[in-house]
Amino acid sequence: MKALLPDGTELQLDDGATGADAAAAIGAGLARAALAVKVDGQLRDLTAPLHDGATLEILTQKSGEEALELLRHDTAHVLAAAVIDLYPGVKISIGPPIQDGFYYDFEFPPGVTVSDADFARIEAKMKEHIKADEQFAREDVSVGTALERFVREQQPYKVELIEDLVRNAPADDPVETVSLYTNGPFTDLCRGPHGPGTKRIKAFKLQSIAGAYWRGDARRTMLTRIYGTAFFTKEELAAYLERVEEAKKRDHRKLGRELRLFGFSAVAPGSAFWLPRGTQLWNTLVAFTRELNRPRGYDEVKTPQIYDSELWKTSGHWGKYKENMFLTAAEDRDMAVKPMNCPGHCQLFGMQRHSHRELPVRYSEPGLLHRYEPSGTLHGLMRVRHFAQDDAHIFCTEEQVQDEVIGCLDLIFETLGRFGFDIDIELSTRPENRIGSEEMWDRAEAKLADALRHQGLEYRINEGDGAFYGPKIDFHVTDSLGRSWQLGTVQLDYSMPARFGLTYVGADDREHTPVMIHRAAMGSYERFIGMLIEHYAGEFPVWLSPVQAIVLPISDRHVDYAQEVVAALQAAGVRVDVDERTESVGRKIRDAELQKYPYMLILGDREAEGREVAARRHREGDIGSFALTDFVARVAEETATRSA
RNA sequence: GCCCGAAUAGCUCAGCUGGUAGAGCACCUGUCUUGUAAACAGGGGGUCAGGGGUUCGAGUCCCCUUUCGGGCUCCA
């Protein structure tokens with residue numbers, strides 16, 4: 001029989017030949033390096049028989065992501081083998097490869113807890129299995145045989161997985177057999193494929209331990225998840241661990257403290273205390289928001305913090321989010337601190353009569369919000385209990401929805417584009433727990449999809465993740481350690497205006513219910529600042545930097561001129577510090593570099609005489625001398641145009 | 001909220017199997033008056049997160065609480 005190779009050549013093989021045979025026919029080196037084979041684009045074990053006319057690609061460690069995934073999947077099985085050796089009675093569930101590594105979920109016997117202190121012991125046992133070069137042997141068995149086996153071995157999770165496989169199979173293609181993979185003492189229900197043997201695992205490391213609910217369901221057992229990673233070489237593993245260490249240096253919680261932007265206190269968990277510099281950064285972003293909103297027809301408004309529970313019942317939040325709101329009472333009235341601005345904006349809209357001629361009405365408000373987030377979900381600035389959004393609500397007619405959504409997408413891109421983030425877009429559709437009719441959801445989801453297509457944007461559908469009142473488009477960005485966070489959002493809402501009885505008077509002189517669009521570009525300022533810190537590693541562009549320059553007089557006799565320079569910069573709106581300590585210039589520069597000031601201005605006799613500044617750029621070093629007026633103009637220009 | 005772990009000076013950390021706290025940086029004072037990434041000397045600063053227990057004796061062992069870290073669930 002024949003097989004076709006990636007370079008277009010044909011390979012002659014005996015009937016019944018396997019991927020391993022094909023690799024051997026090409027060359028002994030490839031045979032040794034082979035991990036798996038891609039047959040007609042499908043990854044298979046090397047031992048799987050080929051068919052005539054198959055297109056083949058031999059997977060080796062040079063094959064990139066797919067090869068790494070295979071290796072990590074192999075390593076997950078070795079981890080399970082080691083854990084079964086060390087913890088008799090352990091129950092196994094699943095162990096897939098993931099981004100950057102793998103995990104395996106276990107239920108340890110009652111009373112047994114495993115922590116990262118046990119990693120050394122588990123890793124040692126894994127090494128024994130790797131050294132033994134145990135082969136991954138695949139076996140296709142009937143559902144009955146597999147069930148019997150896992151029942152006998154008291155592995156209820158595997159039994160449940162098989163039962164679900166059978167149950168969820170389409171009627172015209174029922175599941176009759178399942179595949180098992182055995183490496184050493186361990187046999188797992190597994191789709192495969194796997195590499196030839198455990199010895200291919202040249203470098204691995206267990207990384208962390210975590211609880212994880214069985215099947216991701218908080219009502220079910222919490223399993224113990226062990227995370228690890230694996231590479232084909234020790235050098236790659238070392239390089240990866242080094243990258244992780246480097247990424248940790250960008251952590252916004254660390255930089256926030258070092259750069260004196262914000263802090264946290266146990267007296268207000270999940271709520272940042274903003275130091276002067278952090279507050280400045282915050283205000284710069286709010287000013288940026290206002291500047292973008294103004295020409296787009298937004299009007300800034302202010303609404304109260306605390307409302308009667310009746311308002312939350314009307315909006316629907318009381319039913320769905322009461323547990324996550326800060327509740328209070330005043331004169332026996334149940335009140336709640338606002339977790340979002342929309343009901344307040346509905347109240348505001350309803351305070352006046354509106355003609356269709358006024359629409360769209362666009363209210364923006366950087367309002368302070370409080371959400372009683374579960375303690376375990378808090379995370380630096382990324383997930384907090386007290387925050388503000390660059391929030392706005394648009395009330396418009398059905399006909400205006402398309403243009404308004406497009407306008408929102410445009411605004412979000414202009415906002416996020418300024419910072420150069422890599423953005424992932426998601427369209428989140430109707431959730432299980434929702435209000436409104438199916439027709440409403442059909443229409444709303446279609447409108448958002450249309451707007452995305454109109455803008456030529458790539459997006460992914462996130463089934464069932466919409467807000468309870470409508471579908472949404474979300475903008476996601478990843479942090480320094482690869483965790484994804486939602487920033488901007490556009491949400492279509494056909495429910496809340498009706499619940500609040502909002503109307504406008506149409507051209508037909510009748511009352512109509514407006515459509516409401518909720519949108520934010522940065523999301524919350526807190527999270528956005530957290531992302532910015534990690535994105536820039538604390539080295540903000542000039543326009544954004546809390547303090548843009550620091551003046552460094554060389555000796556005490558230069559302090560007067562330094563004050564003059566400070567005054568000139570401040571008069572032009574430049575944010576500037578001065579270091580008047582009687583320290584060496586080297587010392588002042590070092591400290592200023594560590595604080596990541598974009599500009600350092602060194603002032604000595606030469607500068608004082610010539611009305612100049614000797615400028616130094618963060619990271620770059622000396623950039624030469626400027627006439628004081630020229631330098632002031634430069635920074636003012638960079639700030640005004642946000643060009644540096 | 002759930003699982004695992006952690007909490008020692010402002011920060012980063014040391015403190016062996018229990019014998020009542022230490023370093024570097026930062027801070028303060030003095031000397032030095034400095035030309036592009038760390039001058040020198042001295043000094044102050046800790047109810048070892050909080051509470052309870054075991055013990056002759058607890059930073060160290062046990063329990064509870066709080067907060068934080070890594071995940072899971074959740075995220076209007």
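Atoms considered below: every heavy atom in the structure, side chains included; atoms not considered: hydrogens, waters and symmetry mates. Here is how names work: the chains are called A, B, and so on, in the same order as the sequence lines, proteins then strands, and each is numbered from 1.
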Can you sort out which residues in residues 308-321 of chain A have a heavy atom within less than 4.0 Å of RNA chain B? Ascending by number, please. A/His317, A/Tyr321

Do any N or O atoms from the side chain of A/Arg527 and from the backbone of A/Leu381 form a donor-acceptor pair under 3.5 angstrom? no

Hey, what's the ring geometry for A/His379 with A/Trp485, parallel, tilted or perpendicular (30° and 60° as the breaks)? tilted

Quick check: does any side chain N or O of A/Lys447 sit under 3.5 Å from a backbone N or O of A/Leu492, one acting as donor and the other as acceptor? no

Would you mind building the protein contact string for nucleotides 36-50 of chain B? One character per nucleotide, 5' to 3', B for base within reach (heavy atoms under 4.0 Å), S for sugar-phosphate only, - for untouched. BBBB-----------

Considering only the C1' atoms, how many Å lie between B/rG43 and B/rA26, rounded to the nearest integer? 14 Å

Note: A/Leu603 and A/Ala562 closest approach over all heavy atoms is CD1-CA, 3.6 Å

I need the NE2-P distance between A/His386 and B/rC75, as an integer number of Å. 22 Å

Could you tell me the separation between the OG1 atom of A/Thr429 and the CG atom of A/Asn462, rounded to the nearest 0.5 Å? 7.0 Å

Quick one: is the NZ or CZ of A/Arg72 closer than 6.0 Å to the six-membered ring centre of A/Phe102, and within 45° of its axis? no

What nucleic acid atoms does A/Val114 come within less than 4.0 Å of, heavy atoms only: base, sugar-phosphate, or nothing? sugar-phosphate

Give me the distance, rounded to whole Å, that separates B/rC2 from B/rU65 when you measure between the P atoms they each carry. 10 Å

From CD1 of A/Ile98 over to C1' of B/rC72, roughly how many Å is that when rounded to an integer? 12 Å

Can you sort out the partners of A/Gln389 under side-chain hydrogen bond (donor to acceptor under 3.5 Å, both in side chains), two or more places apart, ordered by chain and number? none

Between B/rC74 atom P and A/Asn433 atom CG, what is the distance in whole Å? 13 Å

Does A/Arg277 make a cation-pi contact with A/Phe262, if we ask for NZ or CZ under 6.0 Å from the ring centre and within 45° of the axis? no

Dot-bracket assigned to RNA chain B with the 3.5 Å Watson-Crick/G-U criterion, [ ] for crossing and | for other-strand pairs, is (((((((..((((.....[..)))).(((((.......))))).....(((((..]....))))))))))))....

Within this structure, what is the NZ-NE2 distance for the pair A/Lys322 and A/His317, rounded to the nearest 0.5 Å? 15.0 Å

For the rings on A/His518 and A/Tyr469, is their centre-to-centre separation under 6.0 Å? yes

Look at all strands and tell whether A/Lys254 reaches a base, only sugar-phosphate, or nothing, counting heavy atoms closer than 4.0 Å. nothing

Work out how far the C1' atom of B/rG30 is from that of B/rG18, and round it to whole angstrom. 43 Å

Which heavy atom of A/Pro514 sits nearest a heavy atom of A/Leu502, and at what distance? CD-O, 3.3 Å

Taking the C1' atom in each of B/rA23 and B/rC68, what is the distance between them to the nearest angstrom? 25 Å

Checking all strands, does A/Asn324 fall into the base, sugar-phosphate, or nothing category for heavy-atom contacts under 4.0 angstrom? base

A/Arg260 CZ - B/rC25 P separation (whole Å): 18 Å

If I pick the C1' atom on B/rC63 and the same atom on B/rU54, what distance separates them, to the nearest angstrom? 11 Å

Between CD1 on residue A/Ile517 and SG on residue A/Cys396, distance to nearest 0.5 Å: 4.0 Å

Between B/rC11 and B/rG50, how far is it from one C1' atom to the other, in whole Å? 23 Å

Residue met sooner reading RNA chain B from 5', once A/Pro339 and A/Arg385 are mapped to nucleotides: A/Arg385

Distance in angstrom units between A/Arg257 CZ and B/rC25 P, rounded: 19 Å

When you check the phosphate oxygens OP1 and OP2 of B/rU73, does a side-chain N or O of A/Arg220 lie under 4.0 Å from one of them? no

So what does A/Arg383 touch, heavy atoms closer than 4.0 Å: a base, only the sugar-phosphate, or nothing? base

Should A/Lys472 be listed as having a side-chain N or O under 4.0 Å from OP1 or OP2 of B/rA76? yes

Just checking A/Tyr469: base, sugar-phosphate only, or nothing, at a heavy-atom cut-off of under 4.0 Å? sugar-phosphate

With rounding to the closest Å, how many angstrom separate the P atoms on B/rA58 and B/rG5? 25 Å

Below 30° counts as parallel, above 60° as perpendicular, anything between as tilted: where do the rings of A/Phe231 and A/Tyr240 land? tilted

Closest nucleotide of RNA chain B for A/His558 versus for A/Asp217: which of these residues is on the 5' side? A/His558

Using a 6.0 Å distance limit plus a 45 degree cone around the ring axis, check whether A/Arg617 lies over the aromatic ring of A/Tyr599. yes

Pairs involving residues 549-560 of chain A, ordered by first then second residue, that meet salt bridge (charged side-chain N to carboxylate O under 4.0 Å, His left out) (sequence neighbours left out): A/Arg557-A/Asp605

Within this structure, what is the CH2-CD distance for the pair A/Trp318 and A/Glu323, rounded to the nearest 0.5 Å? 9.5 Å

C1'-based separation of B/rA49 from B/rU36 [nearest Å]: 43 Å

Tabulate protein N/O versus nucleotide N/O from nucleotides 68-71 of chain B, keeping only pairs under 3.5 Å, one per line.
residue : atom : partner  : partner atom : Å
B/rG69  : OP1  : A/Arg253 : NH1          : 3.0
B/rG69  : O3'  : A/Arg253 : NH1          : 3.4
B/rG70  : OP1  : A/Arg253 : NH1          : 3.3
B/rG70  : OP1  : A/Arg253 : NH2          : 2.7
B/rG70  : OP1  : A/Arg483 : NH1          : 3.1
B/rG70  : OP2  : A/Arg253 : NH1          : 3.2
B/rG70  : OP2  : A/His379 : ND1          : 3.3
B/rG70  : N2   : A/Ile209 : O            : 3.2
B/rG71  : OP2  : A/Arg483 : NH1          : 3.1
B/rG71  : O3'  : A/Tyr227 : OH           : 3.2
B/rG71  : O2'  : A/Tyr227 : OH           : 3.1
B/rG71  : O6   : A/Gly376 : O            : 3.4
B/rG71  : N2   : A/Gly211 : O            : 3.3

